[in-house]
Participant: 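Below you'll find the structure I mean.
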Amino acid sequence: QIVADDLGLDVIQVSFDQVDITDANDVVRSQADAIRASCTRHGLVIDSTFTGLGAYSANMLLDPRDAVRHHWEDWFRGAIEFTAAVGAPVTGGHVGAFAVRDWREAERRRAGWTRLQHALNRLAAHASLQGLTGFYVEAMACEREPSTMEEIDALLTAGDAEHVPVQLCLDLGHQCAPGGTARDHDPYAWLERYASSVGVIHLQQSDADGDHHWPFTEEHNATGRIDAGRVLEALAEAGDRTVTMLFEIIPPFEQDDELVLEELRASVRHWQAALGML
């Protein structure tokens with residue numbers, strides 16, 4: 001109701017922070033049915049499902065332990081099945097983080113990267129069997145996670161008759177990871193490189209120093225580097241295609257609820273004004 005009536009938006013992404021896909025099958029199905037019915041009632045389209053904030057603390061498909069990696073691959077299979085049940089075409093998100101030792105030792109890093117590619121290939125096949133159309137990999141803000149253009153390019157795939165494409169989720173506040181090149185640290189370079197193929201874009205106001213997930217308020221726009229007009233120009237230059245952009249604004253846990261809502265409303269107004277200038 002808040003998204004549709006208060007903010008006036010009509011596309012959402014379902015976060016797995018909000019559901020438990022490890023519960024009994026009937027409970028998982030009931031959660032999917034409830035979300036699907038609510039979205040229908042309020043006229044919302046579900047673009048995709050996505051790993052939530054909680055998942056960012058796990059190594060997931062890059063964990064050094066075989067059993068833990070297998071657990072997370074099974075978890076993603078459940079995510080794919082939930083996504084089909086809720087009526088969304090794509091799932092994905094944060095797929096893994098290297099442990100420090102694995103990152104620092106070249107042979108262990110190569111082995112982990114190969115395992116990740118193979119796991120994504122298997123998940124792309126499962127997504128295809130479940131009727132999905134894609135699987136998102138997010139470019140992250142940590143050096144031990146996929147965070148450079150070179151690393152992302154090694155994970156993206158075009159798909160085929162038996163596999164959905166593995167597509168980029170581009171968060172415009174994640175270009176702050178240590179390492180990489182100057183272009184890896186430039187959100188507009190990422191737009192230039194991927195605007196014609198990106199699967200979805202996460203919008204947050206941020207600066208070069210951190211992954212802040214600020215709202216687009218006057219205060220944060222004054223210090224942030226995400227300029228709505230410049231983003232829209234980059235997308236327009238990529239050609240005539242539709243790109244879904246989703247707010248990923250993460251307020252402090254202790255923030256007052258009414259202030260959270262007001263900052264979301266201000267963010268909507270900011271982007272509506274920019275879109276109205278095209």
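If you're wondering where the values come from, they're calculated on a predicted model, not measured in any experiment.
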Participant: If you compare all heavy atoms of A124 against all heavy atoms of V166, which two are closest, and at what distance to 0.1 Å?
Facilitator: CB-CG2, 4.3 Å
Participant: Is the backbone of A177 close enough, under 3.5 Å, to the side chain of H185 for a donor and an acceptor to pair up by distance?
Facilitator: yes
Participant: Pair M245, L232 - check side chain to side chain contact (heavy atoms under 4.5 Å, CB included), show working.
Facilitator: CA-CA 10 Å; M245 297 187 294; L232 296 174; 3.8 Å; yes
Participant: Do S30 and D33 have a side chain donor and acceptor closer than 3.5 Å?
Facilitator: no
Participant: Just wondering, more than 12 heavy atoms not from N25 lying within 6.0 Å of its CG?
Facilitator: no
Participant: Which of parallel (below 30°), tilted (30 to 60°) and perpendicular (above 60°) describes F16 and F82?
Facilitator: perpendicular
Participant: Consider side chain to side chain donor-acceptor pair (under 3.5 Å). Of R115, R122, H118, which one does E73 pass it with?
Facilitator: R122
Participant: Any side-chain heavy-atom pair from E143 and W103 closer than 4.5 angstrom?
Facilitator: yes
Participant: Can you see which heavy atom on A154 is nearest to which on W113, and at what distance?
Facilitator: CB-NE1, 3.7 Å
Participant: Would you please test T133 and V90 for side chain to side chain contact (heavy atoms under 4.5 Å, CB included) and show each step?
Facilitator: CA-CA 6 Å; T133 62; V90 187; 3.7 Å; yes
Participant: Please report the closest heavy-atom contact between I21 and G78, naming both atoms and the distance.
Facilitator: CD1-C, 4.0 Å
Participant: What is the minimum heavy-atom distance between G134 and Q167, and which atoms define it?
Facilitator: CA-OE1, 3.8 Å
Participant: Starting from V164, can I reach L61 by hopping between I/L/V/M/F/W/Y residues whose side chains sit under 4.5 Å apart?
Facilitator: yes
Participant: Considering the options L156, V137, D153, L155, which one meets the side chain to side chain contact (heavy atoms under 4.5 Å, CB included) requirement together with L168?
Facilitator: L156
Participant: I need the T157 OG1 to L120 CG distance, nearest 0.5 Å.
Facilitator: 8.0 Å
Participant: Quick one: does S206's side chain have a donor or acceptor within less than 3.5 Å of a partner on G210's backbone?
Facilitator: yes
Participant: Assess the side chains of Q31 and D20: does a donor N or O sit below 3.5 Å from an acceptor N or O?
Facilitator: no
Participant: Whether the E218 and H270 side chains hold a donor-acceptor pair (N or O, under 3.5 Å, no angle test) is what I'd like checked.
Facilitator: no
Participant: How close do I46 and A88 get, counting heavy atoms only, and between which atoms?
Facilitator: CG2-CB, 3.6 Å
Participant: According to ring pair (Phe, Tyr, Trp, His ring centres under 6.0 Å), who are the partners of Y188, at least two apart in sequence or on a separate chain?
Facilitator: none
Participant: Is it true that a side-chain atom of S38 and a backbone atom of A34 form a donor plus acceptor pair closer than 3.5 Å?
Facilitator: no
Participant: For the pair D186 (side chain) and R183 (backbone), establish whether a donor and an acceptor sit closer than 3.5 Å, ignoring hydrogens and angles.
Facilitator: no
Participant: Mark yes or no for whether T49, through its side chain, and T91, through its backbone, hold a donor-acceptor pair below 3.5 Å.
Facilitator: no
Participant: Among F50, W75, Y56, whose ring pair (Phe, Tyr, Trp, His ring centres under 6.0 Å) with H94 holds?
Facilitator: Y56
Participant: Check this for me: Q1, atom CD, are more than 12 non-hydrogen atoms of other residues, nucleotides or ligands nearer than 6.0 Å?
Facilitator: no
Participant: Would you say M149 ends up clustered with L116 if hydrophobic residues are merged whenever their side chains have heavy atoms under 4.5 Å apart, either directly or through other cluster members?
Facilitator: yes
Participant: Working to the nearest 0.5 angstrom, can you tell me the gap between T217 OG1 and R265 CZ?
Facilitator: 14.0 Å
Participant: Start with the C-alpha gap between E192 and R230, add the side-chain angles, then the distance that decides, and say whether salt bridge (charged side-chain N to carboxylate O under 4.0 Å, His left out) holds.
Facilitator: CA-CA 11 Å; E192 178 185 345; R230 190 173 173 187; over 6 Å; no
Participant: Using the rule given for side chain to side chain contact (heavy atoms under 4.5 Å, CB included), can you reason through D10 versus V45, listing the C-alpha separation, both sets of side-chain angles and the distance that settles it, and then say yes or no?
Facilitator: CA-CA 6 Å; D10 57 9; V45 174; 5.9 Å; no
Participant: Could you label the plane-to-plane angle of the F247 and W271 rings as parallel, tilted or perpendicular, counting under 30° as parallel and over 60° as perpendicular?
Facilitator: perpendicular
Participant: I'd like to know if V86 and V28 are part of one continuous hydrophobic network [Ile/Leu/Val/Met/Phe/Trp/Tyr, side-chain heavy atoms within less than 4.5 Å].
Facilitator: yes
Participant: How many angstroms lie between NE2 in H71 and CE in M60, if you round to the nearest 0.5 Å?
Facilitator: 8.0 Å
Participant: Looking at CG of L170 and CH2 of W190, how far apart are the two atoms once the value is rounded to the nearest 0.5 Å?
Facilitator: 7.0 Å
Participant: Decide yes or no on side chain to side chain contact (heavy atoms under 4.5 Å, CB included) for V243 and I201, but give the supporting numbers first.
Facilitator: CA-CA 8 Å; V243 179; I201 295 174; 3.8 Å; yes
Participant: Are H212 and Q205 packed together at the side-chain level, in the sense that at least one heavy-atom pair is separated by less than 4.5 angstrom?
Facilitator: no
Participant: So E248 and L203, do their side chains get closer than 4.5 Å, heavy atoms only?
Facilitator: no
Participant: For residues T181 and T148, determine if any side-chain heavy atom of one lies less than 4.5 Å from a side-chain heavy atom of the other.
Facilitator: no
Participant: Side-chain heavy atoms under 4.5 angstrom apart, residues restricted to Ile, Leu, Val, Met, Phe, Trp, Tyr: same cluster for V68 and F76?
Facilitator: yes
Participant: What I want to find out is whether E81 reaches R77 closely enough, with some N-O distance under 4.0 Å, to be called a salt bridge.
Facilitator: no
Participant: Can you tell me how the ring of H220 sits relative to the ring of W214, calling it parallel under 30°, perpendicular over 60° and tilted otherwise?
Facilitator: parallel
Participant: State whether the number of non-hydrogen atoms from other residues, nucleotides or ligands found under 6.0 Å of I2 atom CD1 is greater than 12.
Facilitator: no
Participant: Do the non-hydrogen side-chain atoms of L235 and L191 ever get within less than 4.5 Å of each other?
Facilitator: yes
Participant: CD/E107 to CG/D102 distance, rounded to the nearest 0.5 angstrom?
Facilitator: 11.0 Å
Participant: Can you find a pair of side-chain heavy atoms, one from I35 and one from Q18, that are under 4.5 Å apart?
Facilitator: no
Participant: Main chain of A97, side chain of N59: is a donor-acceptor contact present, judged purely on distance under 3.5 Å?
Facilitator: yes
Participant: Determine the minimum heavy-atom distance between S15 and G52, stating which atoms define it.
Facilitator: OG-CA, 3.5 Å
Participant: Under a 4.5 Å cut-off applied to non-hydrogen side-chain atoms, are D171 and E138 in contact?
Facilitator: yes
Participant: Give a yes or no answer on whether the side chain of E151 reaches the backbone of S147 with a donor-acceptor pair at less than 3.5 Å.
Facilitator: yes
Participant: Do the side chains of L9 and L246 join up, straight or via other hydrophobic residues, at under 4.5 Å, putting them in one cluster?
Facilitator: no
Participant: Could you check if a side-chain atom of R241 sits within less than 4.5 angstrom of a side-chain atom of V198, using non-hydrogen atoms only?
Facilitator: yes
Participant: Measuring from Y136:OH to D47:CG, what's the distance to the nearest 0.5 Å?
Facilitator: 4.0 Å
Participant: Do the side-chain N and O atoms of E162 and S128 include a donor-acceptor pair separated by under 3.5 angstrom?
Facilitator: no
Participant: Do you see a donor-acceptor pair shorter than 3.5 Å between the side chains of D160 and H163?
Facilitator: yes
